[in-house]
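Since we're looking at a predicted model, the values are computed, not measured. Residue indices begin at 1 and follow the sequence shown.
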Amino acid sequence: RDLVRSRGLGDVYKRQFHLFARERVGWQVVEVGLGGRLDATNVLVPQVSVLTNVAMDHADFLGNTLTAIAGEKAGILKTGVPAVTAETGREALAVFRRVADEVGAPLHLLDAAREVGDLEVSEHHTAFTLDTAHWGRMRLSTPLVGEHQASNAALAVRALELLPGADRPTREAILAGLATVRWPGRDQIQEHGGVRWLFDVAHNTAGVHSLTGVVDRLDLPHPRVALIGVLGDKEWDRMLPPLLDRVDGAILTQPPSAPEGRRWDPVEAAERVRGAVGAGALAPGSVLEVRPDFAAALREAARRAAGGTVVVTGSCHTVGDALRLLHLDPFPEC
C-alpha cells in the first residue's frame, strides 16, 4: 500500500466509496487506478472482474515486462468471483489463467476476432453482431469509433452476462446503453472551423495502434496534420513512428496542463525522429516541426490542415487542452 499512499489515492477512494454508500448507489463500475494488486480499489469484492488487454504502460511501477504487468492486473481476481477478459497475448493470458486457478476465480475468455461479427466502422459509430447466451444474437451499435471499441463493448456485454440472473439488465437496456454512451476524446471526430478534427487520448504504444487502425479504416481527408504532445515518461519513441507514417505533417508541442515533472522534450523527440527518417520513421514528404507554445501549435495545425484533418493525440492533457481552447465538448480534468 505504500504506492497508494505515495500517490495520495487512498483517501480519495475512501471518500468516493463513502459517498456511494451514503447515496445508496445500486451498482458501481470501478476502474483500477494503477495496476490492480496494490491499488486502493482492490479492497472491493465485486460481482464481476474485468481484465482488459495488457500493454506496456506504467512500467516504472508495474514492471518492465508484459508478464509482470499482467500479474499486477490479475491481482484483482477474487475467490468465487467470475472474471472475463479479451486478452489474446499468450504471455499475459497464461498469467491470467494461472492466477485465476490459484485463487479459484472462474475465468471467461472473449475471442473478439471470432465472436465480434459483421463489423461496421464509420466516423460516427461502430456496429457489430454478438451472440449471447442470455439475450440471443444482438446487433449492437455505439457512438465510439474503432474496431477496438467493438471489442471493448463486447467485453462489457460479456461482463453483464456474468452477473447474477436477477441483476442482469434487459436486452433493451444494453442496446440503449451502448447507443447513448459519451466518451470525449476517444477517436472523437467532428467538423470545426473548416477542418475535420480527430481527437484521441492515445498515451501509449497500444493506444497509438488503435488510433492508427481508425485512421487506416476511415477515409479522412488530406492534408492530414498531427498535433502531438506526449508525457515524458511514456514510450514516445515507439509511439511517434506509426502516427507520422500516416500524416502529411506533424507538430510536436507541450500541453500546458501536463505536470511539470512529467513533461517531454519535443525538440529532442523531433531530432530523434529526423535522425531515423532513413529507417522509415517519417513518411516521404511529411513536414515535422516543433512549436512548444500549445495555442500557437493548435492554430498552425488548423491552418496547415485547411480542408483536411487534424489528428490531436499523445495524452489526455493534449486532447483536453485542445478541446478547451477550441470550445468544443467538455473534457474531464486530467
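In this structure, Leu227 and Ala301 approach most closely via the heavy-atom pair CB-CB, 4.4 Å. Taking every heavy atom of both residues into account, Leu77 and Ala83 meet most closely at CD2-CB, 3.4 Å. Contact record, Ser151 with Ala112: OG-CB, 3.6 Å, taken as the closest heavy-atom pair. For the pair Ile174 and Pro169, the tightest heavy-atom approach, listed with the atom from each and the gap, is CG1-CG, 3.9 Å. Here the closest heavy-atom approach between residue Pro266 and residue Leu252 is recorded as O-CD1, 3.6 Å. Scanning all heavy atoms of the two residues, the minimum distance from Arg139 to Ala127 falls at NH2-CB, 3.7 Å.
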Would you check, one step at a time, whether the test side-chain contact (heavy atoms from CB on, under 4.5 Å) holds for Leu328 with Phe199? CA-CA 11 Å; Leu328 295 177; Phe199 303 95; 3.7 Å; yes
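Within the model, atoms CG of Leu178 and NE2 of His125 stand 12.5 Å from one another, a figure rounded to the nearest 0.5 Å.
The closest donor-acceptor contact from the side chain of Asp187 to the backbone of Leu211 lies at 3.5 Å or more, if one exists at all. Proximity of a side-chain donor or acceptor of Trp264 to a complementary backbone N or O of Thr253 within less than 3.5 Å is detected. Put simply, the side chain of Asp293 gets close to the backbone of Ala296: a donor and an acceptor are under 3.5 Å apart. For the pair Thr180 (side chain) and Ala176 (backbone), a donor-acceptor distance under 3.5 Å is present. Of the possible polar contacts, none joining the His209 side chain to the Gly207 backbone as a donor-acceptor pair under 3.5 Å is found. A donor-acceptor pair is defined here as one N or O able to donate and one able to accept, closer than 3.5 Å; no such pair exists between the side chain of Thr142 and the backbone of Thr126. Of the possible donor and acceptor atoms, none in the side chain of Ser315 sits under 3.5 Å from a partner among the backbone N and O of Val230. Although no hydrogens or angles enter the test, the distance criterion places no donor-acceptor pair under 3.5 Å between the side chain of Asp200 and the main chain of Thr313. With hydrogens and angles ignored, the 3.5 Å screen pairs no side-chain donor or acceptor of Thr318 with any backbone N or O of Ile228. Side chain of Arg263 to backbone of Ala258: a donor-acceptor contact under 3.5 angstrom is found.
A heavy-atom distance below 4.5 Å is not found between the side chains of Val121 and Phe128. Side-chain contact between Trp197 and Leu323 is absent, with no heavy atoms from C-beta onward closer than 4.5 Å. No side-chain heavy atom of Pro143 sits under 4.5 Å from any side-chain heavy atom of His124. You'll find the side chain of Trp27 reaches within 4.5 Å of the side chain of Asp167, heavy atoms only. Side-chain contact between Met138 and Leu175: present, with at least one pair of heavy atoms (C-beta onward) separated by less than 4.5 Å. For the pair Val273 and Leu244, the minimum side-chain heavy-atom distance is below 4.5 Å. Between Val310 and Leu198 there is no side-chain heavy-atom pair separated by less than 4.5 Å. Residues Trp236 and Asn204 fail the side-chain proximity criterion, which asks for heavy atoms closer than 4.5 Å.
With no hydrogens or angles considered, no side-chain donor-acceptor pair links Thr205 and Lys234 at under 3.5 Å. Between the side chains of Ser257 and His317, at least one donor-acceptor pair of N or O atoms lies under 3.5 Å. Remark: the Lys73 side chain and the Asn53 side chain contain no N/O donor-acceptor pair separated by less than 3.5 Å.
Listed by chain and number, the hydrophobic cluster partners of Val45 are Val81, where partners are ILVMFWY side chains within reach of under 4.5 Å, directly or through others. The hydrophobic cluster around Leu144 extends to Val181, Trp183, counting ILVMFWY residues whose side-chain heavy atoms fall within less than 4.5 Å of a member.
Looking at residues two or more places apart in sequence or on another chain, you find a salt bridge (Lys or Arg N to Asp or Glu O under 4.0 Å) between Glu123 and Arg196. Residues passing the side chain to side chain contact (heavy atoms under 4.5 Å, CB included) test with Gln28 are Phe17, Phe20, Val25, Val30, sequence neighbours excluded. Taking Arg217 as the reference, Glu147 meet the salt bridge (Lys or Arg N to Asp or Glu O under 4.0 Å) condition, with sequence neighbours excluded. Not counting sequence neighbours, the partners of Arg303 by the salt bridge (Lys or Arg N to Asp or Glu O under 4.0 Å) test are Glu300. Checked against side chain to side chain contact (heavy atoms under 4.5 Å, CB included), Arg182 has the following partners two or more places apart in sequence or in another chain: Pro184, Asp329. Residues that satisfy the salt bridge (Lys or Arg N to Asp or Glu O under 4.0 Å) test with Asp265, not counting sequence neighbours, are absent from this structure. Residues meeting the side chain to side chain donor-acceptor pair (under 3.5 Å) test with Glu268, sequence neighbours left out: Arg272.
Side-chain heavy atoms closer than 4.5 Å link hydrophobic residues (I, L, V, M, F, W, Y) into clusters, and following such links, even through other members, never connects Val312 to Leu231. Linking Ile, Leu, Val, Met, Phe, Trp and Tyr residues whenever their side-chain heavy atoms come within less than 4.5 Å leaves Val29 and Leu140 in two separate clusters.
Between Arg246 and Asp216 a salt bridge is recorded (basic side-chain N to carboxylate O distance below 4.0 Å). Checked for salt-bridge contact, Arg224 and Asp248 miss the test: no charged N lies under 4.0 Å from a carboxylate O. Checked for salt-bridge contact, Arg304 and Glu289 meet the test: a charged N lies under 4.0 Å from a carboxylate O.
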Could you give the side-chain donor-acceptor pairs of residues 96-110 under 3.5 Å, partners two or more places apart or in another chain?
{"from": "Arg98", "atom 1": "NH1", "to": "Glu102", "atom 2": "OE2", "distance (Å)": "3.2"}

List the atom pairs, donor and acceptor, that lie under 3.5 Å between side-chain atoms in residues 152-159 and the rest of the protein, sequence neighbours left out.
{"from": "Asn152", "atom 1": "ND2", "to": "His148", "atom 2": "O", "distance (Å)": "3.4"}
{"from": "Asn152", "atom 1": "ND2", "to": "Gln149", "atom 2": "OE1", "distance (Å)": "3.1"}
{"from": "Arg158", "atom 1": "NE", "to": "Glu115", "atom 2": "OE1", "distance (Å)": "3.4"}
{"from": "Arg158", "atom 1": "NH1", "to": "Asp131", "atom 2": "O", "distance (Å)": "3.2"}
{"from": "Arg158", "atom 1": "NH1", "to": "Glu161", "atom 2": "OE1", "distance (Å)": "2.8"}
{"from": "Arg158", "atom 1": "NH2", "to": "Glu115", "atom 2": "OE1", "distance (Å)": "2.5"}
{"from": "Arg158", "atom 1": "NH2", "to": "Asp131", "atom 2": "O", "distance (Å)": "3.1"}

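Residue pairs satisfying the salt bridge (charged side-chain N to carboxylate O under 4.0 Å, His left out) criterion with at least one member in residues 148-157, sequence neighbours excluded, are absent.
Annotation: Glu191, atom CD; neighbour count of heavy atoms from other residues, nucleotides and ligands within 6.0 Å is above 12.
Screening Ile76, Val32, Val84 for a side-chain contact (heavy atoms from CB on, under 4.5 Å) involving Leu51 leaves a single residue, Ile76.
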